[in-house]
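Worksheet for the structure shown next.
Chain A is the first sequence line, chain B the second, and so forth, proteins listed ahead of strands; every chain is numbered from 1.
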Amino acid sequence: MQQSRRAAELKAVGIGKSYGAFHALKNLSLDVGRGEFLTLLGPSGSGKTTFLMILAGFERASRGQLFSDGIDITDQPAERRSSGMVFQGYALFPHMSVAANIAFPLRVRRKSEAEIKRRVGEMVERVGLQGHEHKLPAKLSGGQQQRVALARALAFEPGVLLLDEPFSALDKSLRGQMQAEMKRLHEETGTTFVFVTHDQSEALALSSRVAIFNHGELLQVGTPQEVYERPGNRFVAEFLGEINMLPLRDIRPDEGGAKGLCEDREVALRFAPGEARGEAILAVRPEHMSIAREPAIAENSIPVTAVSSTYLGSAVRLDLITRSGSRASVSVPMEAARFALEKGNTVWLTWPAERGLILPETV
Amino acid sequence: MFARSHNLGAALLLAPLLLLLALAYGIPFLGVMKWSVTLPEPGLGQYHALLTDPLVQSVFVRTARICALVTVTAVAAAYAIAYVWVRGTPGQRLAAEYCILVPFWISVLTRAFGWVALLSNQGLINTWLRATGILDEPLALVRNEFGVVVGMTHFLIPFAVFPIASAMRALDERVLLAARGLGASRTRIFWSIFVPMTMSGIIGAALIVFVFALGFFITPAILGGGRSVMVAELVYLRIFQSPDWGLGAAISITLVLIVGLLTTALFRFLRPSQMAG
């Protein structure tokens, strides 16, 4: 199907939102590229939904400016912005049939009956709701209602589609299915998608870029791989998935990376911020670590003992403790776990230099 | 077991009310029913008279017309008040609350005479109209159907507010936001989303107002001045002023049947809890 001719480019400059003394958003600047799938990720109350509502025009920013394709839309009300929106709980018109719901934005725009009919048929087909056109929303399943909401929001070919936790009401298997469908819709329509979620795996799976929010601040923006593998701070690192954190001291620059002492053993980091000195946190994702009977030569290794294990089917999750009392966990094959779990065995926790991250001690 | 004792408890709590209803309404109703088929002689003669007597017919038609008018005006006004009450600023909400509650504290008689004071030939409105020279002759605002409609509308508005407000409160705010986001103007959202989504409240309010209005007695008697007789007043006249108890009883029973049918319809649209707002 044809690409949307009008995928929009959004630019937020210094956006702030305050409710009395409470700052829901603090000085946020963010560019959303044409046709991009940007996810706003953060815990509840982090400001991500507030930002989406400001993008939609339902909330007014207290400070800052908003541009769409270079035009200042800061003071433009929602009804004139023409951005599609999918709400949590879908917000379908309960008294209108599926077809009438999808036709609504077209009728508002005074399209001809022939065009409305053609367009509604197209959207119904695109979201796979053939045969349900004349049903009321209450007669549909959650997944079907979700599809109606998507079709309605995309029917008028908006420049941007805003989605507020659209899958939160769906069960897990349906979620996966809807995620795949949304990805397909994004590719087919070419529209700019801005998607709010608190589910990090959803964010990583769907987006071209992820923007991570906490306490009204935008902490980091980047591709899923960038934010997952190179989190800028401890919050981002922990929010995106499990991560082991170990104290690191005597940090000094070394060949573009850094060296330091972890559990009194010298460890190397391929990447490190230039200013890294003194003490910090060494962070490594569990899947990048493994255990060995002897210290590894080409990799970093520290001695640990196993505390407990959890059987995961394909692997065993081992909970470990270092000599200084830091905790870490790692998923390893059954055989490797067996040796570690034998009473009193010291094993070596190893990881490659390019997998270690330095995170500032604070935040 | 638990549910059973629970039901028993509920039945015991309801018993005094049921007993009172049986004694105060059930038995007298049976008596009235008996009059309607026995006075002055046994048979369905009074019901036949009711269907053929032009006077009785004209009263029924007038009652239907007044009730329909009152329903439209009261529901429209109640819709506006409920809108402000549910969706207004805190100050507007408070004002709306007073508009709804204060009339409940004033007796129906006082309110009817209040309207007479406003609407009569020597009333405030006509005095002002003549004093300012807008009119030479007083406008006939009372002792006619207009006065009756005004007085009854005023009385019934608060009853219509509750079911409408309840429907408005139940509406998901996000649906309205969605409509805005899809490009709809405020007028469009009101007429194609807000009103249809609160239709159950409108229908409920209309039925409540219509049913209440059917049995109105004091307000039409005072503001109609004997010229716009409604069914309830006709019953009164038949029983107390002309000893025609049989016809009066037959009219009463017919009225009760109509109200019963409408109430059944009402419960299809509304659960009783919704009427309390």
Side-chain angles (χ1 to χ4, degrees), chain A residues 49 52-59 76-97 100-111 123 136-138 145 148-166 168-169 194, chain B residues 75-76 78-79 82-83 86-93 160 163-207 265-271 273-274 277:
Chain A
T49 302
L52 193 79
M53 291 297 156
I54 290 172
L55 284 181
F58 295 132
E59 295 266 8
Q76 208 176 62
E79 55 272 30
R80 294 193 45 222
R81 286 194 193 179
S82 279
S83 37
M85 174 113 189
V86 177
F87 288 82
Q88 209 172 352
Y90 325 131
L92 298 176
F93 305 132
H95 59 294
M96 293 187 192
S97 68
N101 262 281
I102 299 172
F104 185 81
L106 304 169
R107 288 197 197 286
V108 165
R109 285 168 178 72
R110 300 183 197 286
K111 302 285 183 201
M123 291 315 298
L136 288 178
Q145 291 186 33
V148 179
L150 277 165
R152 183 180 68 175
L154 286 167
F156 60 105
E157 298 184 302
V160 54
L161 181 67
L162 309 171
L163 304 111
D164 183 14
E165 308 232 5
S168 57
V194 181
Chain B
V75 169
Y79 201 80
Y83 190 89
V86 174
R87 306 185 58 84
T89 62
Q92 290 173 332
R93 285 180 200 201
I164 294 173
S166 162
M168 286 179 181
R169 284 209 183 86
L171 193 140
D172 182 356
E173 190 67 23
R174 283 176 301 194
V175 174
L176 304 180
L177 278 187
R180 258 185 80 194
L182 293 167
S185 66
R186 278 167 201 283
T187 324
R188 177 120 200 173
I189 293 171
F190 183 77
W191 290 108
S192 46
I193 312 290
F194 195 81
V195 172
M197 282 183 71
T198 49
M199 196 45 91
S200 70
I202 295 177
I203 292 171
L207 281 167
L266 175 71
F267 278 88
R268 290 186 164 227
F269 282 104
L270 281 182
R271 272 161 286 117
S273 61
Q274 248 180 300

Does A/R80 have more than 12 heavy atoms from other residues, nucleotides or ligands lying within 6.0 Å of its CZ?
no

For A/V108 and B/G183, the nearest pair of non-hydrogen atoms, with its separation, is CG1-O, 3.1 Å

Over all atoms of both residues, closest heavy-atom pair of A/F156 and B/G181
CZ-O, 4.4 Å

Flag side-chain contact, heavy atom, 4.5 Å: B/S185 against A/E79:
no

What heavy-atom pair brings B/M197 and A/P94 nearest, and what distance separates the two atoms?
CE-CG, 3.4 Å

Contacting moiety of A/R107, where chain B heavy atoms sit under 4.5 Å:
both

d(A/F93 CZ, B/L182 CG) to nearest 0.5 Å is 5.5 Å

For A/L92, which atoms come within 4.5 Å of any heavy atom of chain B: side chain, backbone, both, or neither?
backbone

Considering all heavy atoms, the nearest B/A178-A/A91 contact
CB-O, 3.9 Å

Ignoring hydrogens and geometry, is there a side-chain-to-backbone donor-acceptor pair from B/R180 to A/F58 under 3.5 Å?
no

When you measure from the side chain of A/H95 to the backbone N and O of B/T198, does any donor-acceptor pair fall under 3.5 Å?
no

